[in-house]
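For reference, the structure discussed in these notes is given below.
Reminder, nothing fancy here: chain letters follow the sequence lines and each chain counts from 1.
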Protein chains: 2
Amino acid sequence: MSAYPAPLARLIHELCKLPGVGEKTAARLAFHLLKGKKEDALELADSIGTLKQEMGLCPSCFGLSEMDPQAGQEAICRVCQDPRREREKICVVEEPADMIAVERSQEYRGLYHVLHGAISPLDGVGPDALRIKELVRRVEGSQIQEVIVATNPTVEGETTALYISKVLKPLGVKVTRIARGLPMGGDLEYADAVTLGKAIEGRREI
Amino acid sequence: MSAYPAPLARLIHELCKLPGVGEKTAARLAFHLLKGKKEDALELADSIGTLKQEMGLCPSCFGLSEMDPQAGQEAICRVCQDPRREREKICVVEEPADMIAVERSQEYRGLYHVLHGAISPLDGVGPDALRIKELVRRVEGSQIQEVIVATNPTVEGETTALYISKVLKPLGVKVTRIARGLPMGGDLEYADAVTLGKAIEGRREI
């Protein structure tokens, strides 16, 4: 028998399913909600409960978009809708969160394409499980001139980048890869050998 | 304008109100919920939303208890109901979570009394803001022989313990304080001076 009363035990059990939340953290969060204002708890419950039905994927770039309450279907996302965006560039990322990270950098004003994963043979994820076909279709016969592959600098991300460049090159589009090098504020002394190697390889005239 | 779509931004904002959850953690949790199963999100939302209405305080010990759905009021908690409990002992703790911690130790089979705080003049919390009057009333003219004060070993907890012993002593009840000393598995070398002092002061014959 759990030491907690049933409703509290149930909440702790559910909170434990979240990433990085163990039983102690879950209990701390649960007691916080129990002690706090009722409106705060209800607001949190409602925003979790409605999240899935209010969020969808943009049918064009597969980034996050809000559902259109009238049509009851996914709406084109804010980036794809924005007329000020440069429509001849597509930045390819693995996940919706990556798209938000690139947006935050404020260095990019083109469109996006979210793959929803990366090629990983060990996990049984091949190119067909990703939104690569859709990317090819978007590029084909369009005004797109450059595809910037911003997948993660991991084995899976690099593999995916190579694959994408292979399938897009025949279409006559320029395929580029984001630079890999030392992170800003980093320290040469503590950089790993692979990163340092990439930084030297990718050096540019100043 | 936030980089997140509105429903996601709202959830992140709500999650940020939880203790120890910053914006990065909140975003990670939100994306986890968005990617995960719909049932898991709804189950979590429901357990947060119903927590406050299903939980109440035991009218006897002020520990956590479940609401009685028929009567629509707080029920006597499981510990107070249990006929196998030693009814001549009361363990006084600051918070409901402390009561659960003592239960976990399986060293104690008596009753509890939850103060819901500790005396803290700096925060404007005096004895009247706590459940001390109710404790005195429980002890008066009852079969209770020992009150074990298990408030935290902090300035506030010690002050509260002293105050409780002062108001209960005239009633002819034995008031004890839990031992303060080295934590099990601790290291003498790294113990702070106050703890070590308390450990020596509280030494017992073996």
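Of the possible donor and acceptor atoms, one in the side chain of D82(B) sits under 3.5 Å from a partner among the backbone N and O of R84(B). Remark: the backbone N or O of L182(B) is not paired with any side-chain donor or acceptor of T195(B) at under 3.5 angstrom. Under a 3.5 Å cut-off, the side chain of S65(B) and the backbone N or O of A75(B) do form a donor-acceptor pair. Side-chain N or O atoms of K52(B) include one that pairs as donor or acceptor with a backbone N or O of G36(A) at under 3.5 Å. One N or O on the side chain of R87(B) and one on the backbone of C80(B) form a donor-acceptor pair closer than 3.5 Å. No donor-acceptor pair closer than 3.5 Å links the side chain of D123(A) to the backbone N or O of V125(A). Not a single donor-acceptor pair under 3.5 Å links the side chain of S47(A) to the backbone N or O of L11(B).
Neither the backbone nor the side chain of A27(A) comes within less than 4.5 Å of any heavy atom in chain B. The contact between L33(B) and chain A is made by backbone and side chain atoms together, counting heavy-atom distances below 4.5 Å. Contact of T25(A) with chain B is not made at all, since no heavy-atom distance falls under 4.5 Å. Within the 4.5 angstrom heavy-atom criterion, atoms from both the backbone and the side chain of L18(A) approach chain B.
Contacts of residues 89-115 of chain B with chain A at a heavy-atom distance below 4.5 Å involve E95(B), P96(B), A97(B), I100(B), R104(B), listed in sequence order.
Heavy-atom contacts from other residues, nucleotides or ligands closer than 6.0 Å to NZ of K174(B) number 12 or fewer.
Put simply, of A45(B), C77(B), G63(B), the one with the most heavy-atom pairs under 4.5 Å next to chain A is A45(B). In terms of heavy-atom pairs under 4.5 Å with chain A, the best-connected choice from M67(B), K17(B), H116(B) is K17(B). Each of L42(A), L34(A), L8(A) has some count of heavy-atom pairs under 4.5 Å with chain B, and the biggest count is that of L34(A). Between chain A and the residues D46(B), V79(B), V21(B), L15(B), the most heavy-atom pairs under 4.5 angstrom are made by D46(B). Per-residue heavy-atom pair counts under 4.5 Å with chain A were compared for A6(B), P19(B), G49(B), and the maximum is reached by P19(B).
For the pair E66(B) and R78(B), the salt-bridge criterion is not met [side-chain N within less than 4.0 Å of a carboxylate O]. For the pair E158(B) and R177(B), the salt-bridge criterion is met [side-chain N within less than 4.0 Å of a carboxylate O].
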